[in-house]
A.B. asks: 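To start, I am sharing the structure in question, which I have written as structure tokens.
Counting starts at 1 for both ligands and their atoms, following the listed order.
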Amino acid sequence: MKHETLGFQTDTLPPPLASSRKKLIEVALPLDAINAASAREKSIRHGHPSTLHLWWARRPLAAARAVIFAQMVDDPSASPELFPTEADQEKERERLFRLIEELVKWENTTNEKVLEQPGTEIRKSWRRTCADNADHPRAAELFDPDKLPAFHDPFAGGGALPLEAQRLGLEAHASDLNPVAVLINKAMIEIPPKFAGQSPVNPESREERSLIEREWKGAQGLAEDVRYYGQWMRDEAERRIGHLYPQVEITEEMVRERPDLERYKGRKLTVIAWLWARTVRSPNPAFADVEVPLASTFMLSTKKGKEAYVEPVIEGRGYRFVVKVGTPADAEAAKAGTSAGKRQAFRCLMSGVPVPYGHIRSEGKMGRIETRLMAIVAEGDRGRVYLSPTSEHEAVANKVNPVWKPEVALPNNPRDFKTPNYGLPTYADLFTSRQLVALTTFSDLVAEVMERVEQDAANTDLSDDRPLCDGGASETAYAEAVGVYLAFALSKLADRGSTICTWFTERDSTRNTFARQSIPMTWDYAELNMLLGGTGSFLGAVQWTAESIDGVGAGCGSSVGAGTQIDAAHQSLTIDKIISTDPPYYDNIGYADLSDFFYVWLRRSLRSTFPDLFATMAVPKAEELVATAYRHGNKEKAESFFLSGMTEAMRRLAEQAHPGFPVSIYYAFKQSETKGETGTVSTGWETFLAAVIQSGFSISGTWPMRTELSNRMIGAGSNALASSIVLVCRQRPTDAPMATRREFVAALRAELPTALAHLQSGNIAPVDLAQAAIGPGMAVFTRYAKVLDAEGNPVSVREALALINQMLDEVLAEQEGDFDPDSRWALAWFEQQGFDEGEYGVAETLSKAKNTSIAGIVEGGILASSAGKVRLLRPDELADDWDPTTDARLTVWEAVHHLIRALETGGEPEAARVVVRLGASADIARELAYRLYTICERKRRAAEALSYNSLVQSWPEISDLARKERQEVPLEQGGLFGDGATESAT
Ligand SMILES: C[S@@+](CC[C@H](N)C(=O)[O-])C[C@H]1O[C@@H](n2cnc3c(N)ncnc32)[C@H](O)[C@@H]1O
């Protein structure tokens, strides 16, 4: 592998100290808006850059864009000369928030006007930084007010972060160890700007007047050429291998069995897919010569009104499959196919005896898993037509003889790769012969199409004479660029065209190979006709690719980009660059293993274009920073490899990054890792934090990003935990002091309340509060070179996290002082009892401590008391006619629960009406909701936790509606729960 360093010869350069103002990301972020936009983005498919090529665990563009922006603009508190008071600073922060809220919207990704504003803000802050550092010894290189520093992501993967940096106007550098990822990044940020604004070279576009005269923005010309030459490839493939995809003739005999086929009698229908079942010899000695099917289902379509299924017909010592339409008589049996439940795997179609996994494995290892055609899916006049298999169609498939196969072995990674266990140990084994021939044909055509493009590009104004791999933009480079995107279409074809793709009975279509981050074993599968149009075909893949080139290239403007293969633990590309990065998360995803599936085809198609990138037979694995036990021998070795490699990679970032900006690092977080009452406990998370701290970073912020949520979950006010955390880091000064554990705790106690108040005023969701609080907590911890306990041993990251959580609880408890006595009583009672009944005597004693009385609380309308028991009223039991403006004993408790009731019954408008009546006192209700959420979370009261979380999350919308309503119906009102709002018990 070539370690490229783009001109830097030195290993590392210690950056001179620089004066850097606090950035917005170190103080506040409009998390709700970022999370909502990120989650929404998941449902956008056509034209989304992520559809250019599959990559696992991509970051949403909205989050990437917001983070890089907030990392580059100053927080208003850093400019007291401009914003002297806290109110001024808050106002300015609000303005920046509004800007981010617009910036993260998918609709605005290509809106030049919207993208202009952040650029202006970034440059404003940059000029201030340059002025602050005018006396810096390297000011000319590092702080040129007319030139923003470049951006680098050393773990670039699918390229979301570099793409967004480029969109914000930065020169973008993406590096990754994995050649497939490097190629994706080249296709995202390197190639489009080279050919931006250029018209297509294909003869059709160059002849048609309307096309000659139109303006080709961004990468539109390139996308148009990809469409044109993709169509050429398909037509050429049809000529070469069309005979492998025969039509199916509807004979009279077929119509006799299936009267619904009458309209097609004598016609030939195009086949969309062939559905196959794998077979093994029956374990029953009486049928040992019969290959019995392993069919996970006999249903073909479960779409209402279009049901179809396979009926196996046993004849003598054999069987045949017949396809029927309508609902089967025994629906359960048809749904089950020949499967016999998890333990027993399958049952023998002939005799009913179990076919256990052990039998299938040993048959597989002896090369005795075969296939039988179960059904044919053809194109009818109004949708799909399911037909019984024919021997001719089976014979065509069986006679195909591939001339080339990807003989590369699948990794010995039993967690993610299941097929080797069943005698399918290579990538070649994942395809049928016909699929291999088709993919090889298209791969040959990538090379041929490049020659054609180069010829057609002659006489265009592409200057330069270097190929793509040397950074050129010549005719050859252009042809190679088109080849890269068409090879990406081939990747899509492979993803939809392997024997891992099963038939989706609810949708009448197939699943893709990587429906998950693994390659499972499949028993029946669908082989699509790759020469048609639509999903799963080459033309469909070309269409998707071309659309995403438009999406990628639209924002590239004039900023250059580069994708390079470099090991993050040994690189110096970061020197003086702005860094945002998303390293692999412990052992979660084996990128190198998974990507071999694509690598083998990309290598075949593009090896001459990128000889260095595709030098090895398979993706390089040894340096991959993933803690996989199977690769390193055992868990401990894997952990220590990960820790030392990640520390090395982080150290480079800490030492080399541009000193004017913090570094942002994403870390994926799994909900299942949260254990115990003290908060987060996770080897992956702690190992990673330890690596970051050991590398010389101090942490100045942590932001939970709920990027994996679906819209539905957001809509339902879900309590799902953040799926990743963004750590904001700065280099720790070399003279950082030491501290004792006691000093650390004292500093936490002094600083956390303000930090928490800040997070709450930014309306952070209660569910995210504990994660976000790690930021200011860790900022205290990592400010010191070391924190030592009483015995002089360093306090571990795990212990520091536990102390931060403990302090969070204390600070939230202290906020209780702001509540009225009845609410303080209710809170304490709720902590013990929830909404369940409890002893009157206990309640009475507690009321004394809280300076109130049970009788008074009952009268206040939040408590029921009878027969020696008391019980807090649930929101749906509260009085219907409640009016806070006339309530003589109004409490925050009541306000919160009436708000929840209003929100749950009438939505945000109804809750807003309650807020209007509560007046200025409504805000304190939000504080109580935070507190109640933390109690419910600790006590594992999920349903109530959801209500409190939803109330806080809906707060901005509710306040907005309340403001509007107030303007319509002005209500003279101050706070309602003053100290005197409730009587005191005597
Ligand atoms: C979480 S992914 C990045 C995903 C990316 N942010 C996106 O949105 O698609 C982590 C990346 O780190 C890469 N990686 C693993 N070990 C590496 C190493 N030693 N050097 C450089 N990259 C490495 C993997 O190939 C993978 O692409």
Side-chain angles (χ1 to χ4, degrees), residues 1-5 38 41-42 48-65 67-68 151-165 172-185 187-189 517 548 552 563-574 579-596 598-599 613 618-628 631-632 638 641-653 664-670 684 688 691 705 707-708 723-726:
M1 184 187 54
K2 194 168 149 190
H3 288 264
E4 293 177 55
T5 52
S38 299
E41 210 183 291
K42 299 254 150 178
H48 194 279
S50 66
T51 57
L52 194 56
H53 195 288
L54 190 144
W55 197 251
W56 302 269
R58 283 170 177 275
R59 293 288 146 229
L61 303 181
R65 200 177 310 148
V67 165
I68 299 170
F151 171 91
H152 178 214
D153 175 0
F155 293 101
L161 281 49
L163 178 71
E164 290 310 320
H173 294 262
S175 61
D176 200 289
L177 181 71
N178 193 307
V180 179
V182 174
L183 197 63
I184 296 174
N185 279 283
M188 291 269 241
I189 59 165
Q517 293 151 359
S548 54
V552 160
T564 324
Q565 186 185 21
I566 314 181
D567 176 359
H570 302 96
Q571 57 96 19
S572 48
L573 181 52
T574 292
I579 309 298
S580 184
T581 193
D582 174 24
Y585 155 62
Y586 207 63
D587 65 345
N588 209 19
I589 301 174
Y591 297 95
D593 287 349
L594 294 169
S595 57
D596 271 340
F598 295 115
Y599 182 85
L613 204 55
V619 170
K621 314 230 163 35
E623 300 104 323
E624 189 185 38
L625 283 172
V626 175
T628 29
R631 197 178 285 160
H632 297 284
F641 167 82
F642 181 81
L643 180 63
S644 63
M646 195 51 82
T647 309
E648 194 49 35
M650 292 297 137
R651 188 176 65 78
R652 287 178 178 258
L653 299 187
S664 62
I665 307 170
Y666 292 70
Y667 185 79
F669 185 88
K670 277 202 296 191
F688 184 75
M705 298 270 166
T707 52
E708 311 295 323
S723 49
S724 61
I725 310 267
V726 175

A.B. asks: Ignoring hydrogens and geometry, is there a side-chain-to-backbone donor-acceptor pair from R59 to A160 under 3.5 Å?
C.D. replies: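 Between the backbone of A160 and the side chain of R59 there is no qualifying donor-acceptor contact (under 3.5 Å).
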
A.B. asks: Only one of V626, T628, L625 clears side-chain contact (heavy atoms from CB on, under 4.5 Å) with F641; which?
C.D. replies: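 The option that passes is L625.
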
A.B. asks: Look at E624 together with K621 and state whether they make a salt bridge at an N to O cut-off of under 4.0 Å.
C.D. replies: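 The answer is no: the pair does not qualify as a salt bridge.
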
A.B. asks: Between ligand 1 and the protein, give all atom pairs where both partners are nitrogen or oxygen and the distance is under 3.5 Å, as lines of names plus distance to 0.1 Å.
C.D. replies:
unit_1   : atom_1 : unit_2 : atom_2 : d
ligand 1 : 6 (N)  : D582   : OD2    : 2.8
ligand 1 : 8 (O)  : R59    : N      : 2.8
ligand 1 : 9 (O)  : G158   : N      : 2.8
ligand 1 : 16 (N) : L625   : N      : 3.0
ligand 1 : 19 (N) : D567   : OD1    : 2.9
ligand 1 : 19 (N) : E623   : O      : 3.1
ligand 1 : 20 (N) : A568   : N      : 2.8
ligand 1 : 22 (N) : L177   : N      : 3.2
ligand 1 : 25 (O) : D176   : OD1    : 2.7
ligand 1 : 27 (O) : W55    : NE1    : 3.3
ligand 1 : 27 (O) : D176   : OD2    : 2.7

A.B. asks: Return yes if some donor-acceptor pair links the side-chain N/O of E41 with the main-chain N/O of A62 below 3.5 Å, else return no.
C.D. replies: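 Confirmed, E41 side chain pairs with A62 backbone.
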
A.B. asks: Is there a side-chain contact between L177 and Y591, using heavy atoms and a 4.5 Å cut-off?
C.D. replies: no

A.B. asks: Looking at A568, is its backbone amide N or carbonyl O close enough to the side chain of R652 to form a donor-acceptor pair, meaning the two atoms are under 3.5 Å apart?
C.D. replies: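 Not a single qualifying donor-acceptor pair exists.
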
